[in-house]
Amino acid sequence: MEAAESKTLNFIEQIIEEDLASQKNGDLICTRFPPEPNGYLHIGHAKSICLNFGLGQKYHGKTNLRFDDTNPSKEEDKYVKAIVEDVKWLGFNWDGDIKYTSDYFNQLYQWAIEFIKKGLAYVDDQKSEEISLQRGTPQKPGIMSPFRSRTIEENLELFERMYKGEFPDGSRVLRAKADMSSPNMQLRDPVMYRIMHSTHHRTGDLWCIYPMYDFAHGQSDYIEGITHSICTLEFENHRPLYNWYLDKIADSKKVRPQQIEFARLNLSYTVMSKRKLLQLVEEGNVSGWDDPRMPTISGLRRRGYTPESIRNFSERIGVAKRDNIIDVGLLEFSLREHLNKIAPRVMAVLDPVKLIITNYPKDKTEFIELENNPEDLSSGTRELPFGREIYIEREDFLEDPPKKFFRLGPQREVRLKGAYIIKCEDFKKDSEGKIAEVYCSYDPETKSGTGISRKVKGTLHWVSAPQAIDAEIRIYDRLFSVEDTAADKDIDFKELINPNSLQIINHCKLEPSLASAKPEDKFQFQRMGYFCVDKDSTKEKLVFNRTVPLKDGWNKTNIIANV
RNA sequence: UGCCUGAUGGUGUAAUUGGCAACACGUCUGAUUCUGGUUCAGAAGAGUCCAGGUUCGAGACCUGGUCGGGCAACCA
């Protein structure tokens, strides 16, 4: 299967293949995706999901889904549910049951006691500010805590009393006895446990002390037999600590997990941090985590992205260790590539202008047969009503068109997609000077499919006026107006928000077959782009999102010509 | 003034581990087209952060710089 692919390996695959060759862990490969349930997943997490689960599949190994839930003050069950749904939607299956770091709280607690017994941990009675001060700076070594030399017995007793809830939050912590003068800040006696009288989404009030990330993550990997623990670059400095803890507990006969870091994804014209995304949600700049402008997986889903397109995108961007900003255009390319193959083509007029075919019989309605998708002939055909009065796109008629404008203008001819060639004879303006109606004649000899060889330069999409159904269409633009939202640290990212990222158009005219479309159904509105039904849509009022416009060569030359 | 880490077309990612820089997106031509989409054919664009060195030969190795990112939560 994958043997056919001769693609070069990324640096993580190289490590894995070397480990396989040296039989470091036999033939075993086990990865994990370890989200904290404190927010929604975004496209950056999708990269990590595709990486971890992809590696599991490629090397016939396993991939766990593990919630890293060591901080009950920030974590909620609703996030667990949303994350599970997103991972499934992306098309991945985890090995066995969903795992939680909180499953290991008891084991972690036992290990902490062992650390104390070996003289490797101590209870510190100081406030966090004091501890922080003593830690020093990257340039200046830290100084030792006055509580560092407590006896093992005293530490054991104090830690048990912490566990029993005898002390208030913040009054004491358990610290590792590592190296206060280490050039690596992470090793300056890191906190292992803190007191938190807070209800945990799974363990409730069973615990009032919780392990820190560093004391929990490597051990959780170890418990699960993870061979390659893949995380992002900001944890590079934590790797010595990850290994330090493991050194103290790992059985040499068991699998020893290896932490490997890669560069997180950054996308142009957006932000990719949970903190910033949360801020956008809470301050009402977007309608929620699943606002179609958000780079969240739920936002992309609502926008009309497909799991395939996101997986292909992840494959294309690669994996490396250098910082990067990927052009959002690449994401859109992957999207169009897939949608082009699967989205049924339909007719929809976003900004309608009425067009009357003056020589067409008044009461006649005929049915035009159109293929649903020229890229997929198995998708069949459908029939559309056609008559004397139709709607066309306002931008498809110009009173005084330039030479290379292949659409309608006075005395110009175009084809109506699937129907006839028409010629513009006249038009009417309203009191404001806007085009109100366009009058055309049609040539009955030019019906599509009848083998007429006469050609015209332009083809327009249209919707029959009497049968047209109304819809609201939401047009999205990039959420931010600059490519690199983090380029200037002095500018708050919220100042960079694009004020025109959402445009709502009402009374768009759709072909009647769209009346039964359901949320997340995807279509290509002929010549306009890809659209999907929004979850706000009802039978009474259809609502569509523009997922992404079609590539537009005309617009480009047009812009250049008008400069 | 420390430690960790990175640097290849506009953007990403490669270069079979020392053999004369490839692929994708984007851009630009042209063809086809009843979607100015798709498809097809082609082009431009980097001499690999800089300076030395090793070598017949360096993007890869060595030395010294420069620039970027990360690290001082009882966050993950």
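Worth saying up front: this structure is predicted, and the values here are computed from it rather than measured. Note on naming: letters A, B, ... go to the chains in the order of the sequence lines (proteins, then strands), and numbering restarts at 1 for each one.
In this view, A/Asn312 and A/Arg316, A/Glu337 satisfy the side chain to side chain contact (heavy atoms under 4.5 Å, CB included) rule, not counting sequence neighbours. Considering only residues two or more places apart in sequence or on other chains, A/Phe386 meets the ring pair (Phe, Tyr, Trp, His ring centres under 6.0 Å) condition with A/Tyr360, A/Tyr420, A/Trp462. Under the side chain to side chain donor-acceptor pair (under 3.5 Å) criterion, A/Thr137 pairs with no residue, sequence neighbours left out. Residues passing the side chain to side chain contact (heavy atoms under 4.5 Å, CB included) test with A/Met528 are A/Leu350, A/Glu393, A/Glu395, A/His461, A/Phe525, A/Phe531, sequence neighbours excluded. For A/Phe147, there are no ring pair (Phe, Tyr, Trp, His ring centres under 6.0 Å) partners at least two apart in sequence or on another chain. In terms of the side chain to side chain contact (heavy atoms under 4.5 Å, CB included) criterion, residue partners of A/Ser171 (sequence neighbours excluded) are, by chain and number, A/Phe167, A/Pro168, A/Ile195.
Among the atoms of the strands shown, none is found under 4.0 Å from any heavy atom of A/Gly529. Base contact: A/Gly418 has a heavy atom under 4.0 Å from a base atom. Here A/Lys127 lies in heavy-atom contact (under 4.0 Å) with a base. Within 4.0 Å (heavy atoms only), A/Val173 reaches at least one base atom of the nucleic acid. At the heavy-atom level, A/Gly553 lies under 4.0 Å from the strands shown only through sugar-phosphate atoms. Contacts of A/Arg345 with the nucleic acid, taken as non-hydrogen atoms under 4.0 Å apart, include base atoms. Here A/Pro374 lies in heavy-atom contact (under 4.0 Å) with a base. Contact annotation for A/Lys457: no contact, since no heavy-atom pair falls under 4.0 Å across all strands. Among the protein residues, A/Glu371 comes within range of no part of the nucleic acid, since none of its heavy atoms lies under 4.0 Å from any strand. Among the heavy atoms of the strands, none lies under 4.0 Å from A/Ile421. A/Val456 comes within 4.0 angstrom of no nucleic acid atom, judged by non-hydrogen atoms across all strands. Using a 4.0 Å heavy-atom criterion, one finds that A/Met528 contacts no nucleic acid atom at all. Within 4.0 Å of A/Phe215, counting heavy atoms only, lies no atom of the nucleic acid at all. Using a 4.0 Å heavy-atom distance criterion, A/Thr70 is classed as a sugar-phosphate-only contact.
Using a 4.0 Å cut-off between charged side-chain N and carboxylate O, A/Arg382 and A/Glu511 make a salt bridge. Between A/Lys457 and A/Glu413 there is no salt bridge, since no side-chain nitrogen of the basic residue lies less than 4.0 Å from a carboxylate oxygen of the acidic one. The existence of a salt bridge linking A/Glu366 and A/Lys447 is confirmed by a sub-4.0 Å separation between a basic side-chain nitrogen and an acidic carboxylate oxygen. Salt bridge present: A/Asp189 and A/Arg148 bring a charged side-chain N and a carboxylate O closer than 4.0 Å. Remark: A/Arg66 engages A/Glu224 in a salt bridge, criterion side-chain N to carboxylate O under 4.0 Å.
For A/Arg322 against B/U8, a side-chain N or O and a base N or O form a donor-acceptor pair under 3.5 Å. The base of B/U35 lies close enough to the side chain of A/Gln524 for a donor and an acceptor atom to sit less than 3.5 Å apart.
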**OP:** Could you encode protein contacts along nucleotides 16-21 of chain B as a string, one character per nucleotide from 5' to 3', using B for base contact, S for sugar-phosphate-only contact and - for no contact, with a heavy-atom cut-off of under 4.0 Å?
**Re:** -B----
**OP:** Check the pair A/Asp125, A/Arg150 against salt bridge (charged side-chain N to carboxylate O under 4.0 Å, His left out), reporting the backbone distance first and the verdict last.
**Re:** CA-CA 11 Å; A/Asp125 298 358; A/Arg150 281 221 251 239; 2.3 Å; yes
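The main-chain N or O of A/Arg311 is never found under 3.5 Å from a side-chain atom of A/Glu315 such that the two would form a donor-acceptor pair. A donor-acceptor pair is defined here as one N or O able to donate and one able to accept, closer than 3.5 Å; no such pair exists between the side chain of A/Tyr442 and the backbone of A/Ala419. Using a distance-only test at 3.5 Å, with no hydrogens or angles considered, a donor-acceptor pair links the side chain of A/Arg188 to the main chain of A/Ser182.
Per the geometry, CZ belonging to A/Phe531 stands 18 Å off P belonging to B/U35, to the nearest Å. When rounded to the nearest whole Å, the span between CD of A/Gln219 and C1' of B/A76 equals 15 Å. We find that NZ of A/Lys551 is positioned 4 Å from P of B/U38, with the value rounded to whole Å. Look at NZ on A/Lys455: it is 10 Å from P on B/U32, rounded to the nearest Å. Separating the CE atom of A/Met212 from the C1' atom of B/C74 is a distance of 6 Å, rounded to the nearest angstrom. The CD-C1' distance, from A/Glu13 to B/U13, rounds to 12 Å in whole Å. In this structure, A/Phe11 atom CZ and B/A14 atom C1' are separated by 14 Å, rounded to whole Å. Rounded to an integer number of Å, the gap from A/His217 NE2 to B/A76 P is 11 Å.
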Pairs of donor and acceptor atoms involving the side chains of residues 262-269 of chain A, under 3.5 Å and at least two apart or interchain, shall be tabulated with distances.
{"unit_1": "A/Arg264", "atom_1": "NH1", "unit_2": "A/Glu234", "atom_2": "OE2", "d": "2.8"}
{"unit_1": "A/Asn266", "atom_1": "ND2", "unit_2": "A/Asn324", "atom_2": "O", "d": "3.0"}
{"unit_1": "A/Ser268", "atom_1": "OG", "unit_2": "A/Val328", "atom_2": "N", "d": "2.9"}

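Each of A/Trp207, A/Tyr100, A/Phe67, A/Phe105 was compared with A/His200 under the ring pair (Phe, Tyr, Trp, His ring centres under 6.0 Å) criterion, and only A/Phe105 meets it.
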Using the 3.5 Å cut-off, write out each protein N or O paired with an N or O of nucleotides 67-72 of chain B and the distance between them.
{"unit_1": "B/G69", "atom_1": "O4'", "unit_2": "A/Asp323", "atom_2": "OD2", "d": "3.2"}
{"unit_1": "B/G70", "atom_1": "N2", "unit_2": "A/Asn237", "atom_2": "OD1", "d": "3.1"}
{"unit_1": "B/G70", "atom_1": "N2", "unit_2": "A/Asn237", "atom_2": "ND2", "d": "3.2"}
{"unit_1": "B/G70", "atom_1": "N3", "unit_2": "A/Asn237", "atom_2": "ND2", "d": "3.4"}
{"unit_1": "B/C71", "atom_1": "O4'", "unit_2": "A/Asn237", "atom_2": "ND2", "d": "2.9"}
{"unit_1": "B/C71", "atom_1": "O2'", "unit_2": "A/Gln186", "atom_2": "NE2", "d": "2.9"}

Which protein N or O atoms sit under 3.5 Å from an N or O of nucleotides 39-45 of chain B?
none

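Here, B/G69 and B/A46 have their C1' atoms 23 Å apart, quoted to the whole Å.
A stacked arrangement is assigned to A/Trp554 and the six-membered base ring of B/G36, with a centre-to-centre distance below 5.5 Å and an interplanar angle below 30°.
Listed by residue number, A/Leu330, A/Phe333 are the residues of residues 330-337 of chain A with a heavy-atom contact under 4.0 Å to RNA chain B.
Closest approach to the A/Thr459 side chain among B/G12, B/U35, B/G6 is made by B/U35 (side chain taken as heavy atoms from C-beta onward). For A/Asn324, the side-chain atoms get nearest to B/G12 when compared with the rest of B/C74, B/C75, B/G12.
Dashed line: the shortest gap from a side-chain N or O of A/Arg316 to OP1 or OP2 of B/G12 is not under 4.0 Å.
Looking at RNA chain B, the stems built from 3 or more consecutive Watson-Crick or G-U wobble pairs, each pair with its key distances under 3.5 Å, are B:2-7 with B:66-71, B:10-13 with B:22-25, B:27-31 with B:39-43, B:49-53 with B:61-65.
Ring planes of A/Tyr213 and A/His217: tilted class, angle from 30 to 60°. Ring geometry, A/Tyr222 versus A/Trp111: the interplanar angle falls from 30° to 60°, so the pair is classed tilted.
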